[in-house]
Amino acid sequence: MPGARVTGAEGAQRKSGVSEGLVGYAGVTQREEEADDEGEDDLRDGDVLFFVNRGGLPVDEATWERMWRHVSRIHPEGDVIGRKIRGATDLPKIPTPSVPTFQPSTTLPDRLEAIQRYIRDLQYNHTGTQFFEIKKSRPLTALMDIAKEMIREALPIKCLEAVILGIYLTNSMPGVERFPLSFKTQFSGNSFRHIVLGVHCGGRFGALGISRRGNLMYKPLVFRTLSDLVQEFEGAYRGYWHTLKKVKIGQYVSHDPHSVEQIEWKHSILDVDRLTHEEFRKELERHTRDMRLKIGKPAPPSPTKERKRDIGSPQRSQSSPHRRNSRGERRPSGEKKPSEQKAASDINGYQIRV
């Protein structure tokens, strides 16, 4: 399983970490219903909530202590493992993964595979604190700044962070089109969300990403249609007894790292329960046509120096642009995006988190 080498706060030993500005357990619960609209779905992983760093790096004392408390709750050895690590003076140095570089002759599938290896080498974040705050409403140029910070810090990441990193690392590959692909599944009455970066090249589809499960992230460029790719993920979910409930697919992402446009995360929202197998396939075909139509359309001009100063660094949340009041989302006919009633959690029930 990815990330097995880094568990609890051991992963945070790699580098300096996070600050006090977090979304905690209570904060996430209050924002649960609006999370689906704002795109911050990954604040809730089934019924397991986690903190999100909103204060930048390096880590402060209060956040370190919060992370150690998380380790004591989830690790089989409890407080013992924390005392063992914190009192050690000879901890091994964790190697920093190297960003892949390519020869001109390197094929695009090989480049994508090397990028996936780099993402996997960063490892999945099991610390209970997401180190980098990803606001989906931010312009692409600001999200690319966060991707650069991820590379500098080389900390473990979660699935949404992996998508941003994947976009950054494939920007120099104009033959590869990228789009967000997210899933909502259900197991034992609880909902789980996951996102990967879909890729399209040479008439074939694939995906980049990170997950606890090896078959819920990288997919090589071998799938003839988007429907084939989605069915591959659905089959992997069935192997973990998860039922696929919704699929959200975005538009192709600009290759301009200085673009001020927002990523279109949810151009199509497909409710699996409401669609027959044939209707589901046709909706995915329709979305594929919509994505192709976007290719060649002129992107908004790159920001001026003054505009860049207004956008600010990803560490300065006060400079973040205001959210748009309306979003240009496209949904299948009849899809009204109703607010879903959350199932009561079974605290003692076993949860298979993917």
Side-chain angles (χ1 to χ4, degrees), residues 1-32 35 40-97 119-135 146-147 149-162 164-165 192-194 210-212 314-317 347 351 353-354:
M1 189 189 319
R5 185 164 57 90
V6 180
T7 58
E10 293 173 14
Q13 289 284 347
R14 307 168 73 158
K15 286 275 185 178
S16 47
V18 219
S19 183
E20 182 68 28
L22 306 175
V23 172
Y25 289 51
V28 176
T29 302
Q30 293 170 358
R31 297 176 52 170
E32 181 178 1
E40 299 175 4
D41 302 339
D42 61 327
L43 298 179
R44 171 178 286 273
D45 190 355
D47 271 5
V48 179
L49 308 178
F50 58 86
F51 296 98
V52 175
N53 169 36
R54 299 196 188 280
L57 307 173
V59 71
D60 66 9
E61 189 63 29
T63 302
W64 273 114
E65 294 304 322
R66 181 176 287 152
M67 292 173 70
W68 283 115
R69 288 197 297 271
H70 175 77
V71 172
S72 68
R73 285 195 302 268
I74 68 170
H75 200 280
E77 297 181 34
D79 292 330
V80 175
I81 189 69
R83 290 195 298 269
K84 201 180 293 184
I85 295 174
R86 301 181 82 172
T89 57
D90 57 346
L91 291 174
K93 184 176 180 180
I94 304 297
T96 299
I119 292 174
R120 186 186 292 115
D121 287 346
L122 289 176
Q123 304 206 14
Y124 189 88
N125 182 352
H126 295 277
T127 65
T129 296
Q130 181 173 302
F131 295 118
F132 303 96
E133 182 186 15
I134 307 295
K135 287 188 176 180
I146 297 175
E149 190 178 11
M150 289 185 215
I151 292 172
R152 283 196 305 269
E153 300 298 332
L155 291 163
I157 56 176
K158 296 181 79 67
C159 60
L160 182 57
E161 295 162 301
I164 300 303
L165 189 56
F192 297 79
R193 294 174 175 87
H194 180 50
I210 200 165
S211 170
R212 296 179 181 87
Q315 298 184 15
R316 298 201 308 250
S317 58
I347 298 178
Q351 298 297 319
R353 292 186 287 150
V354 294

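When reading the values below, keep in mind they use all heavy atoms of this one structure, side chains included, and skip hydrogens, waters and symmetry mates.
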| Test item: E161 side-chain N/O and F132 main-chain N/O as donor-acceptor pair under 3.5 Å | yes
| query | Which value, rounded to the nearest 0.5 Å, describes the distance between L155 atom CG and E149 atom CD? | reply | 9.0 Å
| message | Tell me every residue that passes salt bridge (charged side-chain N to carboxylate O under 4.0 Å, His left out) with K84, counting only those two or more places apart in sequence or in another chain. | response | E77
| said: Does any part of the side chain of T129, heavy atoms only, come nearer than 4.5 Å to the side chain of H70, both counted from C-beta? | reply: no
| remark: Sorted by chain and residue number, the side-chain hydrogen bond (donor to acceptor under 3.5 Å, both in side chains) partners of E65 (sequence neighbours excluded) come out as R86
| said: What I'd like to find out is whether the side chain of I151 reaches to under 4.5 Å of the side chain of L165, using heavy atoms alone. | reply: yes
| field | Check: I146 and M150 side chains under 4.5 Å, non-hydrogen atoms | value | yes
| Quick one: does I119's side chain get under 4.5 Å of I157's, heavy atoms only? | yes
| request: Please report the closest heavy-atom contact between Y124 and I210, naming both atoms and the distance. | output: N-CD1, 3.6 Å
| task | Enter the distance from K158:NZ to S211:OG here, rounded to the nearest 0.5 Å. | result | 9.5 Å
| query | Taking atom NE2 of H75 and atom NE2 of H126, what is their separation to the nearest 0.5 Å? | reply | 11.5 Å
| message | Can you give me the closest heavy-atom contact between P97 and L122, atom names plus distance? | response | CG-CD2, 3.9 Å
| Between T96 and A154, which heavy-atom pair has the shortest distance, and what is it? | CG2-CB, 3.6 Å
| request: Could you tell me whether the side chain of D79 and the main chain of R83 form a donor-acceptor pair under 3.5 Å? | output: no
